[in-house]
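Working notes, beginning with the structure itself.
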Amino acid sequence: MPSPPGGLEVPLWRAVAVFRVASLAYVCVVVLRDADRYAHPLAAGAVVLVMAAWTGVTAAGYARPRWRGWPLLLADLGVVLAILLVTPWVVGRAALAAGVTTLAVAWLGGPVLAWAVSGGRRRGAVAALVLGAADLATRGMVSPSALNGTILLLLAGVVVGHVARLAVTAEERLQRAVELEAANRERERLARDIHDSVLQVLALVQRRGAHLDGEAGELARLAGEQEAALRALIAGAGPAPVASDDGPVDLRALLGRYASATVSLSAPATPVPLPGPVARELAAATAAALDNVERHADGRAWVLVEDEGATVTVSVRDSGPGFPAGRLAEAAAQGRLGVARSIQGRLADLGGTVSITSTPGAGTEVELTVPRARA
């Protein structure tokens, strides 16, 4: 199929056009030098004019992406083959046997380069083999110089084809990177707009109507669900990494799973990378804190992610009844080790710290801090 238009291939097509012009100039020099040895010198001049005209046609044709298809490629190959076929009559068999070069000389490399740029290594190699075989047949003998010319033609087709495919691959990756950057910028713009308007309105509706009955309560519930969905969307939270992934993981993606109508998640606009095991343990500790909110408070919680460079902190705050000082120690003494094991134990293994602040009637706040250097 023809090559896709534009991009990094354009300089390659221009280079093919420059090669054709330069090789045509060399053909003119060779014809002027050897004209007196040709069997039909005037015919040689006519062939050079045909080569010049075809050079202009291919330069204009290959400059247009929609013309770089099989019709022009086959015609290009056919014109050069025709010139090679008339060479024994124009130059003469005796002159060719005496070492006079064929009419095309280096100009026959033009179709090889065009085929290589349009289709890669294989297509360039096919064109090189066809023209190389025709050139050897034209000479009527296989001399070392003629064979070297065919091998160089084959190498040119393979190398240029490889470079052309690399250019196409690089262009595709660049296009994907540009599209991703544009999508991220649009997401950030929407996040600012949504955060400043829509999310506040949805949160207000959910908060004011949470304790109402009937259609008002249903409307509040739906508003809460839409708020959670929008927060997950603007945060760009994707599927959680698999358990075997030990590479860097964006903590936002893991915590995004816990956002809901009753759990609000606030995270930086940029990724918060942590080693996979560390990020998963921190997310599990956050889940344990949210589970406590679900069981002991009204279920409404606010999760805040702060990336402070040297440390990463996740805060979980609720509006529940809270508990008095010493309650956690009392629960641990009674064998209820949910907080001690699920939260404090995990953070201790990571070299982090847990700060739990609670006042009766004023809710509870849990701060989970992980040092990046230790992680």
Side-chain angles (χ1 to χ4, degrees), residues 1-3 9 12-13 15-24 26-27 30-31 43-44 46-63 67-93 95-97 99-168:
M1 60 181 293
S3 303
E9 280 191 292
L12 294 177
W13 287 111
V16 172
V18 171
F19 171 82
R20 284 180 179 273
V21 173
S23 60
L24 178 63
Y26 180 64
V27 168
V30 171
V31 170
V47 171
V48 171
L49 291 177
V50 171
M51 295 168 67
W54 187 248
T55 298
V57 171
T58 53
Y62 289 132
W67 287 8
R68 297 171 189 163
W70 282 114
L72 183 57
L73 291 171
L74 292 174
D76 195 7
L77 191 68
V79 168
V80 178
L81 286 174
I83 292 173
L84 289 175
L85 291 177
V86 301
T87 293
W89 178 77
V90 174
V91 177
R93 290 288 184 184
L96 289 174
V100 175
T101 60
T102 59
L103 291 176
V105 198
W107 192 78
L108 61 84
V112 175
L113 299 182
W115 278 51
V117 173
S118 68
R121 297 184 298 270
R122 294 181 180 178
R123 194 177 292 184
V126 169
L129 291 174
V130 171
L131 292 179
D135 184 57
L136 293 176
T138 297
R139 297 174 186 272
M141 58 181 178
V142 181
S143 62
S145 60
L147 187 59
N148 288 338
T150 301
I151 293 176
L152 290 176
L153 201 63
L154 178 61
L155 290 176
V158 172
V159 172
V160 173
H162 180 67
V163 172
R165 291 307 94 190
L166 289 179
V168 171

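Treat the numbers as computed from the prediction; the structure is a model and nothing was measured.
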In a table with atom names and distances, give each donor-acceptor pair under 3.5 Å that connects a side chain of residues 99-115 to protein atoms at least two apart or in another chain.
unit_1	atom_1	unit_2	atom_2	d
W107	NE1	T55	OG1	3.1
W115	NE1	L73	O	3.1

For residues 133-155, which residue pairs qualify under ring pair (Phe, Tyr, Trp, His ring centres under 6.0 Å), counting only residues two or more places apart or in two chains? none

What are the two closest non-hydrogen atoms of R121 and V158, and how far apart are they? CG-O, 3.3 Å

Interatomic distance, CG@D76 vs OH@Y62, rounded to 0.5 Å, equals 3.5 Å

Please determine if R123 forms a cation-pi arrangement with W70, meaning its NZ or CZ atom is less than 6.0 Å from the six-membered ring centre and no more than 45° off the ring axis. yes

N/O donor to acceptor pairs below 3.5 angstrom from side-chain atoms of residues 130-139, sequence neighbours left out:
unit_1	atom_1	unit_2	atom_2	d
D135	OD2	R139	NE	3.2
T138	OG1	L84	O	3.1
T138	OG1	A134	O	2.8

Examine distances only and state if a side-chain atom of R165 and a backbone atom of A116 form a donor-acceptor pair shorter than 3.5 Å. no

If you count heavy atoms of other groups shown closer than 6.0 angstrom to CZ of R93, is the number above 12? yes

